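Computed from a prediction, not measured in an experiment: that's the story for all the values here. Just so you know, residue 1 is the first one in the sequence shown, and it goes up from there.
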Amino acid sequence: MAMALTVGQFLNSHNVDFSLTRHKHTDTSFSSAISAHVPTSQVAKAVLLKDTNGEFLMAVVPSNRRVMIDKISRMTGKQFFLVGEHELTSIFQDCEPGAIPSIGQPYQVDMLVDDMLFEQDELFIESGDHENLIHVDAKQFHKIMRDIPHRNISGYRMMFSDGHEGRHWEWE
């Protein structure tokens, strides 16, 4: 699988110019960036949240940052929690488990994007599998995210003294 069908149809219907960047099989957006030899700050990572009313929100941040769920909850006035793996599969049915594209529109999922992503010249988005990234320039990224709100919603990732990334309370 090179890209989720739903994502490809969305990009084509919105006349988005993109290419695919292949990399070895990885389990996280951060690892995908390393494998593809692209800056981790240019890979958009999706973290799916759900509020107490059952409404979903996709928080999109650079792969080298973490989502500040408490800040999003304060900003929106809703209490958000991470979505469980089993729910991800039911929403992103044409994606490999754990490979969530950071494009919520074709899945009817509301989004909030980190401001840092709008500062990049080019971006890479998970494609729905574990071996490809969608590569777009800043203009195309802005086209994709045209009506999507963006705020400062990310913080620094934890790193251990041996250089390995710490896993906090978020799905990668």
Practice item. With salt bridge (Lys or Arg N to Asp or Glu O under 4.0 Å) as the test, would you mind laying out the steps for E87 and K50 before giving the verdict? Key: CA-CA 10 Å; E87 286 185 274; K50 182 165 70 169; 2.7 Å; yes
Exercise for review: Could you walk me through whether S32 and T26 pass side-chain hydrogen bond (donor to acceptor under 3.5 Å, both in side chains), step by step?
Suggested key: CA-CA 6 Å; S32 296; T26 58; 2.6 Å; yes
Exercise for review: Show your reasoning for whether side chain to side chain contact (heavy atoms under 4.5 Å, CB included) applies to S41 and Q120.
Suggested key: CA-CA 8 Å; S41 59; Q120 304 297 324; 4.0 Å; yes
Point to revise | Pair D137-D121, side chain to side chain contact (heavy atoms under 4.5 Å, CB included): steps then yes or no | key: CA-CA 6 Å; D137 64 18; D121 292 333; over 6 Å; no
Review point. Passes side chain to side chain contact (heavy atoms under 4.5 Å, CB included), M58 versus F56? Steps please.
Key: CA-CA 7 Å; M58 179 183 287; F56 293 103; over 6 Å; no
**Study point:** Full working for side chain to side chain contact (heavy atoms under 4.5 Å, CB included) between T21 and N132
**Key:** CA-CA 5 Å; T21 300; N132 290 281; over 6 Å; no
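Residues C95 and P101 form a side-chain contact, since some pair of their non-hydrogen atoms from C-beta on lies under 4.5 Å apart. Between F10 and V16, every side-chain heavy-atom pair lies at or beyond the 4.5 Å cut-off. By the 4.5 Å heavy-atom criterion applied to side chains, V67 and I72 are counted as neighbours. The shortest distance between side-chain heavy atoms of H135 and F18 does not fall below 4.5 Å. Side-chain contact check for P97 versus L88: every heavy-atom pair is 4.5 Å or farther apart. Residues D94 and Y107 form a side-chain contact, since some pair of their non-hydrogen atoms from C-beta on lies under 4.5 Å apart. D51 has its side chain out of reach of Q79: every pair of non-hydrogen atoms, C-beta onward, lies at least 4.5 Å apart. In this structure, the side chains of N64 and F30 come closer than 4.5 Å at one or more pairs of heavy atoms.
The distance from atom NZ of K78 to atom OG1 of T52, rounded to the nearest 0.5 Å, is 8.5 Å. How far CD of E55 is from CG of L49: 13.0 Å, rounded to the nearest 0.5 Å. Between the OG atom of S19 and the CD atom of E122 there is a distance of 9.0 Å, given to the nearest 0.5 Å.
In terms of the salt bridge (Lys or Arg N to Asp or Glu O under 4.0 Å) criterion, D110 has no residue partners (sequence neighbours excluded).
Geometrically, R65 engages Y156 in a cation-pi contact defined by less than 6.0 Å to the ring centre and at most 45° from the axis.
No chain of hydrophobic side-chain contacts below 4.5 Å, direct or via other Ile, Leu, Val, Met, Phe, Trp or Tyr residues, connects M116 to V113. Under the 4.5 Å side-chain heavy-atom criterion for Ile, Leu, Val, Met, Phe, Trp and Tyr, L117 and V43 are members of distinct hydrophobic clusters. V38 and V136 fall into different hydrophobic clusters, where Ile, Leu, Val, Met, Phe, Trp and Tyr residues are linked whenever their side-chain heavy atoms come under 4.5 Å apart, directly or through other members. A continuous path of Ile, Leu, Val, Met, Phe, Trp and Tyr side chains, each step under 4.5 Å between heavy atoms, connects F118 with I134, placing both in one hydrophobic cluster. M75 and L82 fall within a single hydrophobic cluster, where Ile, Leu, Val, Met, Phe, Trp and Tyr are joined by side-chain heavy atoms under 4.5 Å apart, directly or via other members.
Residues E85 and G98 share a closest heavy-atom pair of OE2-N, 3.4 Å. Nearest heavy-atom pair, D114 versus S154, reported as atom, atom and distance to 0.1 Å: OD1-N, 3.0 Å. Scanning all heavy atoms of the two residues, the minimum distance from L57 to L112 falls at CD1-N, 4.0 Å. Across every non-hydrogen atom of S102 and A44, the tightest pair is OG-O, 2.8 Å.
Between the side chains of E126 and S29, at least one donor-acceptor pair of N or O atoms lies under 3.5 Å.
More than 12 heavy-atom neighbours from other residues, nucleotides or ligands sit within 6.0 angstrom of CG on N12.
Residue M3 is tested with I125, D129, L11, L133 for a side chain to side chain contact (heavy atoms under 4.5 Å, CB included); the sole match is L11.
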Mind listing the side-chain donor-acceptor pairs of residues 140-153 below 3.5 Å, one per line with the distance, residues two or more places apart or on another chain?
unit_1: Q140; atom_1: OE1; unit_2: D17; atom_2: N; d: 2.9
unit_1: K143; atom_1: NZ; unit_2: N15; atom_2: O; d: 2.7
unit_1: H150; atom_1: ND1; unit_2: D115; atom_2: OD1; d: 2.7

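Under 4.0 Å is where a charged nitrogen must lie from a carboxylate oxygen, and between K24 and E131 no such pair does.
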